[in-house]
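Comments concern the structure below.
In listed order, ligands and their atoms are each counted from 1.
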Amino acid sequence: MPHCLVTGGAGFIGSHLCEILLEDGHEVTALDNLSTGVRENLRNIESHDRFRFLAGSITDPVMLNEAVRGVDQIYHLAAAVGVRLVAEDPVRTIETNIYPTEVLLRLAVQGGQKFFLASTSEVYGKNEKDCWTEEDDLQFGATTRPRWAYGCSKAIDEFLALAYAKKYGLDIVIGRFFNVVGPRQVGNYGMVIPRFVDQALRGGPVEVYDDGGQERCFAHVREVATIVKDLMREPAASGEVYNIGSDQPISIRALAEAVVARVDADVPIDYIPYSKAYGDDFEDIRRRVPDIGKLESTLGRKPQMPLDQILDEIITSRRLMSGDQQP
Ligand code: UDP
């Protein structure tokens, strides 16, 4: 079984991917600087005999050199994530997301490793189409609005990966994640579901930004991580870009109502302007829905866990966490 390196392995998606790769019989090395990831996320696998944790940053080329040694596949998930973090620290976003990817791609060319690049639906920017396919245009806003630094930096990563594939024959797969959710996701960096759930569990108010008419599709992290693993095994996926997510949209207002209905119907819902949440230079994306036809035709399936079931699982896990148990 291949030995896999997962950068960002202690993060929300990374830790679930490590678990799935281990369940599949792989040897797994996780590299993480524990800036947004936490050791706690690895509690289930820390003592596994095929698992190794390296504490270090992808911005350190020496560390990257060490991390790729003896590895057959690289899953590059480490990045600056979350709308809140990106709005607050664009320098960190750009530095974490661009140069380290280039270094890793170079190492992968030297070492002959297969490479998964975790990208994001943010690369579509504010494209106003109802549903985005992989060949759609990337439409970013002005550079004075820091939000676009994130999508732009990941788009550069995609260009780099595709260029390395073309020029050096590097075997790559690119996955654009759309709103991935599930146990272990935290609300500190802006992610809406853990924020709503924690707010509701504290008695509210649940804070919806703007009018709540903006729409998103939420996919369960284990389904997403399994798809990533399977794409890396599928020869037809080599060199390709995939949207990965649910294609069932829900408005943020309806999401808030669904969370409140599950936790406590008396919890109030407040509507807050974006300027108060993220500052004056913030721009949101009104509707974000992937076309996942390409994923379906390659793997014969798509993420399909219903949101109700996802919310139940997250609420249970947040309740357990407040009782200090691992989800
Ligand atoms: N959102 C909200 N309240 C929050 C956090 C987010 O209403 O406390 C909204 C946010 O404005 C966005 C949606 O929920 O329209 C999803 O936000 P998230 O940051 O989770 O993901 P993204 O914006 O990257 O899709």
For ligand 1, which is the ligand I care about here, please tell me if M191 has any N or O atom under 3.5 Å from one of the ligand's N or O atoms. no

Identify, by atom number and element, the atoms of ligand 1 in contact range of N179, meaning under 4.0 Å from any of its heavy atoms. 21 (O), 22 (P), 25 (O)

Counting each atom of ligand 1 from 1 as listed, which ones have a heavy atom of I252 under 4.0 Å away? 7 (O), 13 (C), 14 (O)

Any side-chain donor-acceptor pair under 3.5 Å between R176 and S121? no

Do the charged groups of R69 and E66 touch, with an N to O distance under 4.0 Å? no

Relative to atom 8 (O) of ligand 1, which among R195, R147, E122, Q214 owns the nearest non-hydrogen atom? R195

Looking only at heavy atoms of Y274, does any of them come nearer than 4.0 Å to an atom of ligand 1? yes

Please assess V186 against T36 for the test side-chain contact (heavy atoms from CB on, under 4.5 Å), listing each intermediate value before the final yes or no. CA-CA 9 Å; V186 291; T36 53; over 6 Å; no

Distance filter under 4.0 Å to E207 heavy atoms, resulting ligand 1 atoms: 2 (C), 3 (N), 4 (C), 7 (O), 8 (O)

Write out the residue and atom name of the closest protein heavy atom to atom 15 (O) of ligand 1, then the distance separating them to 0.1 Å. D284 OD2, 2.7 Å

Modelled atom types, side-chain donor and acceptor of Y124 and D136, under 3.5 Å: no

What protein heavy atom sits nearest atom 22 (P) of ligand 1, and how far away is it? R288 NH1, 3.3 Å

Working for side-chain contact (heavy atoms from CB on, under 4.5 Å), residues Q214 and R287: CA-CA 6 Å; Q214 64 272 39; R287 181 179 157 92; over 6 Å; no

How far is atom 19 (O) of ligand 1 from its nearest protein heavy atom, and which residue and atom name does that atom have? G190 O, 3.2 Å

Quick check: does Q199 get an N/O under 3.5 Å from an N/O on ligand 1? no

Give a yes-or-no answer on whether the side chains of W148 and E283 include a donor-acceptor pair shorter than 3.5 Å. yes

Counting non-hydrogen protein atoms only, what is the nearest one to atom 23 (O) of ligand 1? Give residue, atom name and distance. R216 NH2, 3.3 Å

